[in-house]
Number of protein chains: 2
Amino acid sequence: MPKVGMEPVRRKALVDAAMRVIGDHGSLTVTMSEIAKQAGVSPALAHHYFGSKEQLLIETVRVHLQRLRDSVVTALRTAKTPREKLSAIIRVCFQADQFAPETIAAWLAFYAEAQRSEETRRFLVIYARRLHSNLVANLKALCPAGDAGRIAEGAAAMIDGLYIRQGLGSAPISTEASIALTEDYLTIHLNSLKG
Amino acid sequence: MPKVGMEPVRRKALVDAAMRVIGDHGSLTVTMSEIAKQAGVSPALAHHYFGSKEQLLIETVRVHLQRLRDSVVTALRTAKTPREKLSAIIRVCFQADQFAPETIAAWLAFYAEAQRSEETRRFLVIYARRLHSNLVANLKALCPAGDAGRIAEGAAAMIDGLYIRQGLGSAPISTEASIALTEDYLTIHLNSLKG
DNA sequence: TTTTATTGATTGATCAGTCAATCAAAAATA
DNA sequence: TATTTTTGATTGACTGATCAATCAATAAAA
C-alpha cells in the first residue's frame, strides 16, 4: 500500500527491528534479511533507506543512546538536590528497559563493535563522557573537585560492570541490588571524605 | 616438513594465532584463513585439528581463562594475609598483559559471544564465580559473611567495569589508577564496617 | 608399508548490495 | 471533473564475494 511519507515510518521500524534482532541474537552479526523481515519489509527496502548495513547499525546505536540520554534528562528534571540527582542518574541506568536481557545483549554487542567501528566508538565515548560529567557535576556540590572526578570514575565503572555481569546471567543481580550497590558506593565514599 | 608429534605444537600455534587475530580484529568475527595464516599453516590444517571454527574459538576462550587462572593461583601463593591476597587478586586482573588493548578487545568479544554460545558462557560464568569466591573467601576473614558477598559483588563489578571502559579508550585510565580505585573500594567499605 | 602431517582445489551456503520493473498516490493538465 | 504525468514506495531476481568445510593427493617419517 504505497502511500507518501513512509520514509520516517520505515526508518523507525527498521531501527526498532534491528534493536530487537540484535537483542535476541546477542550480537551485531545479524543479516539485513532478518532485520527487514522483523520490520515487515523487504531487504531491498532496508538498503534503499539506509544505503548499507553498517549505516543502519550505526543509526541503531545512535537512536539507542539518544533514548537513554532523554531518560536521563527527564529524570534529572524531577530531582532537586545534587544528591537526589545522583540517585536519579543511577536509577535511570538500571531502570527496567535498560536492564532487560535483550537490551544488555545489545549493549555488549555495541561495546564489542566499538573495537572495530570508529563511529560506534565515537557514540559510546560520548555516552561515557556524558555519564561521567553528569556525575561529576553533582558530586562537586558534595565534595572537592579532585575527589569528584575519582568517585565518578568509580561509580561509572561500577555501573558498566554491573551491566556486563548481568549480561552473563551468572549472578542474577536484581535491579534493586544493583542500584543499592552503586548508591552504597557513593554514600560511603562521600561519608569517608567528611570524616 | 612433516614430522611426527606436531599436533600439540599446531594446536597451541593456532590458539595463540586466534587470540592475536581476535585481539587486533576486536571481534570473534574472524576467518579460519586469517587464523591459519597467522599461525603459518593452511586453513585445512586448522580444520583437521579442531574440526570446526567454533571448536577452535571455544578452545581459545578456554585457554585464555586457564592462563588467567594460573596467574591468580601464582599470585595468591606469594601473598600471606587475607588483605594481601585481595590486593594480589586485584593486581593480577590489571597486570600488564590483561590490560593490553588486544587482550581487552578479546575479552569484550568473548563476553559478546557468550550471549550466543552456551559453552563460551559456561566458561565465563566459571571465571566470574571464581573471581567472586576468591574475593569472598578472603573478605570473610575481615568482615561478616553477609557483607563479604556484597562487597565482593561490588569489587567484581568494578573490575569488569574498568575493563570495559578501558576498552573504549575514552578515559585512558592507567593500570595504577584502576588498581587504586578498586583498592579504595575495598578499603573504604571494610573501614566503614569497623566504624 | 602404514601412519601422520599437510595442502590445493573445490563445493555449497550465506549475504550484502544492485537493478529493473511494478504499483499506487499525488500533481498537473485538459 | 476526467485524464495524464510524475514521483515515491516497494520488491523479486540476480550478482559477486566471502567463507566454512571437505577431500583427494602428496610427502615424509616410522
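When reading the values below, keep in mind they use all heavy atoms of this one structure, side chains included, and skip hydrogens, waters and symmetry mates. Every chain is numbered from 1 and lettered A, B, ... according to where its sequence line falls, protein lines coming before strand lines.
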**Student:** Which comes earlier along DNA chain C counting from the 5' end, the contact point of B/V41 or that of A/V30, where each point is its nearest nucleotide?
**Tutor:**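 In this pair, the answer is B/V41.
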**Student:** Just how far, in rounded Å, is C1' of D/dG8 from CZ of A/R11?
**Tutor:** 15 Å
**Student:** Ring centres of A/Y127 and A/W107 under 6.0 Å apart?
**Tutor:**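 Yes, they do, as the ring centres are separated by less than 6.0 Å.
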**Student:** Please tell me which of the listed nucleotides, D/dA9, C/dA16, C/dT6, lies nearest to the side chain of A/K53?
**Tutor:** C/dA16
**Student:** When you measure from the side chain of A/E84 to the backbone N and O of A/K80, does any donor-acceptor pair fall under 3.5 Å?
**Tutor:**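 The answer is yes, because a donor-acceptor pair under 3.5 Å joins these two groups.
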**Student:** Looking at A/L56, is its backbone amide N or carbonyl O close enough to the side chain of A/Y49 to form a donor-acceptor pair, meaning the two atoms are under 3.5 Å apart?
**Tutor:**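 Answer holds: no.
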**Student:** Aromatic rings A/H189 and B/H189: how do their planes relate, parallel, tilted or perpendicular, breaks at 30° and 60°?
**Tutor:**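 Judged by the thresholds at 30° and 60°, the geometry between A/H189 and B/H189 is tilted.
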**Student:** Nearest whole angstrom, please: distance from the P of D/dA21 to the CD of B/E54.
**Tutor:**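 About 9 Å, once rounded to whole Å.
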**Student:** May I ask you to say what A/V9 touches in the nucleic acid, namely base, sugar-phosphate or nothing, with a heavy-atom cut-off under 4.0 Å?
**Tutor:**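 Nothing: the residue A/V9, judged by heavy atoms under 4.0 Å, touches no strand.
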**Student:** Kindly say if A/R10 contacts the phosphate of D/dG8, meaning a side-chain N or O under 4.0 Å from OP1 or OP2.
**Tutor:** no
**Student:** Compare the minimum distances between each of C/dT7, C/dG17, D/dA21 and the side chain of B/S52, then state the nucleotide with the smallest one.
**Tutor:**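 Output: D/dA21.
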**Student:** Given atom CG of A/L45 and atom C1' of D/dT11, what is their separation to the nearest angstrom?
**Tutor:** 9 Å
**Student:** Measuring from the side chain of B/S42 (C-beta onward, heavy atoms only), which nucleotide among C/dA5, C/dT7, D/dA21 has the closest atom?
**Tutor:** C/dT7
**Student:** What is the nucleic acid contact for B/F50, judged by heavy atoms within less than 4.0 Å: base, sugar-phosphate only, or nothing?
**Tutor:**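 Here B/F50 touches no strand at all.
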**Student:** Indicate, with a heavy-atom threshold strictly under 4.0 Å, whether B/T31 touches base, sugar-phosphate, or nothing.
**Tutor:** sugar-phosphate
**Student:** B/L28 has an atom CG; how far is it from atom P of D/dC19, in whole Å?
**Tutor:** 15 Å
**Student:** Please give, in whole Å, the distance from D/dC19 C1' to B/K37 NZ?
**Tutor:**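 Going from B/K37 (NZ) to D/dC19 (C1'), I get 14 Å.
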**Student:** Apply side chain to side chain contact (heavy atoms under 4.5 Å, CB included) to A/A46 and list each qualifying residue two or more places apart in sequence or on a separate chain.
**Tutor:** A/L14, A/M32
**Student:** Side chain of B/H48 only, heavy atoms from C-beta on: which candidate in D/dA9, C/dT6, D/dA20 is closest?
**Tutor:**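 Minimum distance to the B/H48 side chain belongs to C/dT6.
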**Student:** A/M32 or A/A44: which one's nearest nucleotide on DNA chain C is closer to the 5' end?
**Tutor:** A/M32
**Student:** Atom NE2 of B/H47 to atom C1' of C/dT10: distance rounded to whole Å?
**Tutor:** 14 Å
